[in-house]
Amino acid sequence: MSHSCSCHAQFGQEQLSEIEKLLEPYSGDPGSLIQALHKAQNVAGYLPREAQVLVAEKLNVPLTKVYGVVSFYSLFTTKPKGKHKIHVCTGTACYVRGASQLLNKLEDELQIKPGGTTGDGQFSVDVVRCLGACGLGPVVTVDEDVYGRVNNGKLDDILSKYSRE
Ligand code: FES
C-alpha cells in the first residue's frame, strides 16, 4: 500500500506505524471501533484517510462503516486542527445570547468558517452543543480553557492572547 499523499505533511509512515502498534489489542475486534478510532486520532490529532483504512483493516470492519462512524461523531476529524482549538457553544442558551455574532466575528478575524483551520495552523474553529455552563453564555473554549459571557471585545482579547502562544 502506498502512503505517499503529500497533502498531509505531518502524517506519514511513522504515524501509521504508531497507530498500527496501538491497534494491536483491537485486532479483529469490530466492537472496539470507537475506542480504536480514538487511539488512532490521538496520534496526530486527526484521522486522514490512510488512518481510517488502517483501522478498517486491523479491526476487520468495512471501510464504509469506519467512514460512517468518523463522519457521524463530531469528536472525530479528518482534517488537521489548529495549534489552538476554539469551540463556540451554539446550544440554545448561548445562541440567544449572541453565539452567532461571535462566529461571525471569528470568521472575519480568522477568515475561516466553523470546521476550518487558519492557513498558519494557529487556530481552528468548531461549534459545539451545550457545554453545561449555560449560565455563563455565550461560552467559548480555547483548548482546555473556558470563557464565559464572551462579547466581541473579550473575543479580541482571547484571540490576541493565543496568537502569541
Ligand atoms: S447552551 Fe452553551 S453552555 Fe449550555
Side-chain angles (χ1 to χ4, degrees), residues 7-11 15 18-19 22-23 26 30-52 55-56 59 61 64-165:
C7 47
H8 296 303
Q10 322 153 8
F11 204 95
Q15 283 73 19
E18 200 178 331
I19 291 176
L22 289 171
L23 292 180
Y26 310 112
S32 300
L33 179 56
I34 302 234
Q35 236 172 317
L37 286 170
H38 266 293
K39 293 266 183 201
Q41 178 160 286
N42 282 344
V43 169
Y46 70 111
L47 286 166
R49 191 176 185 282
E50 307 96 291
Q52 296 179 61
V55 170
L59 272 68
V61 174
T64 48
K65 171 103 194 271
V66 174
Y67 286 158
V69 167
V70 168
S71 56
F72 181 77
Y73 290 101
S74 58
L75 51 98
F76 294 126
T77 177
T78 57
K79 295 200 188 100
K81 290 289 171 187
K83 183 173 169 207
H84 297 297
K85 296 158 198 68
I86 302 175
H87 286 96
V88 177
C89 178
T90 53
T92 310
C94 290
Y95 195 81
V96 297
R97 293 185 191 178
S100 57
Q101 222 175 297
L102 298 177
L103 284 172
N104 288 340
K105 181 159 173 70
L106 284 171
E107 193 175 335
D108 282 354
E109 298 284 334
L110 303 176
Q111 300 293 309
I112 50 169
K113 289 186 187 298
T117 301
T118 54
D120 62 1
Q122 188 73 3
F123 292 109
S124 53
V125 174
D126 286 281
V127 295
V128 282
R129 302 237 180 93
C130 182
L131 290 161
C134 312
L136 292 176
V139 178
V140 171
T141 65
V142 185
D143 306 328
E144 305 303 317
D145 304 326
V146 180
Y147 298 93
R149 305 216 163 82
V150 180
N151 53 29
N152 280 358
K154 201 161 169 182
L155 193 56
D156 276 333
D157 294 345
I158 294 170
L159 286 179
S160 58
K161 175 174 182 235
Y162 292 93
S163 299
R164 296 189 300 265
E165 285 181 0

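Both backbone and side-chain heavy atoms feed into the values below; hydrogens, waters and symmetry mates do not. Note that ligands are numbered from 1 as they come in the structure, with each ligand's atoms numbered from 1 the same way.
- The list of salt bridge (Lys or Arg N to Asp or Glu O under 4.0 Å) pairs with a residue in residues 96-125, not counting sequence neighbours, reads K105-E109, K105-D156, E107-K113.
- Short contacts between ligand 1 and G91, defined as distances under 4.0 Å to a heavy atom of the residue, involve ligand atoms 1 (S).
- Proximity of C94 to ligand 1, defined as any heavy-atom pair under 4.0 Å, is shared by backbone and side chain alike.
- Going from atom CG of L102 over to atom OG1 of T90 covers 11.0 Å, rounded to the nearest 0.5 Å.
- Note: angle at atom 4 (Fe) of ligand 1, from SG of C134 to SG of C130, is 90° (rounded to 10 degrees).
- Ring geometry for F123 versus H84: interplanar angle of 30 to 60°, hence tilted.
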Next item on the list: Give the C-alpha distance, both sets of side-chain angles, the deciding distance and a yes or no for side-chain contact (heavy atoms from CB on, under 4.5 Å) between T78 and Q52.
Entry: CA-CA 9 Å; T78 57; Q52 296 179 61; 3.5 Å; yes
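- Of all atoms in ligand 1, numbered sequentially from 1 with element shown, those under 4.0 Å from a heavy atom of G132 are 3 (S).
- Taking each heavy atom of V69 and L33 in turn, the nearest pair found is CG2-CD2, 3.8 Å.
- Counting backbone and side-chain atoms alike, C89 contributes an N/O/S atom closer than 2.8 Å to atom 2 (Fe) of ligand 1.
- For the pair S124 and T117, the tightest heavy-atom approach, listed with the atom from each and the gap, is CB-OG1, 3.5 Å.
- Under a 4.0 Å heavy-atom criterion, G137 is not in contact with ligand 1.
- For ligand 1, the atoms lying closer than 4.0 Å to a non-hydrogen atom of A93 are 1 (S).
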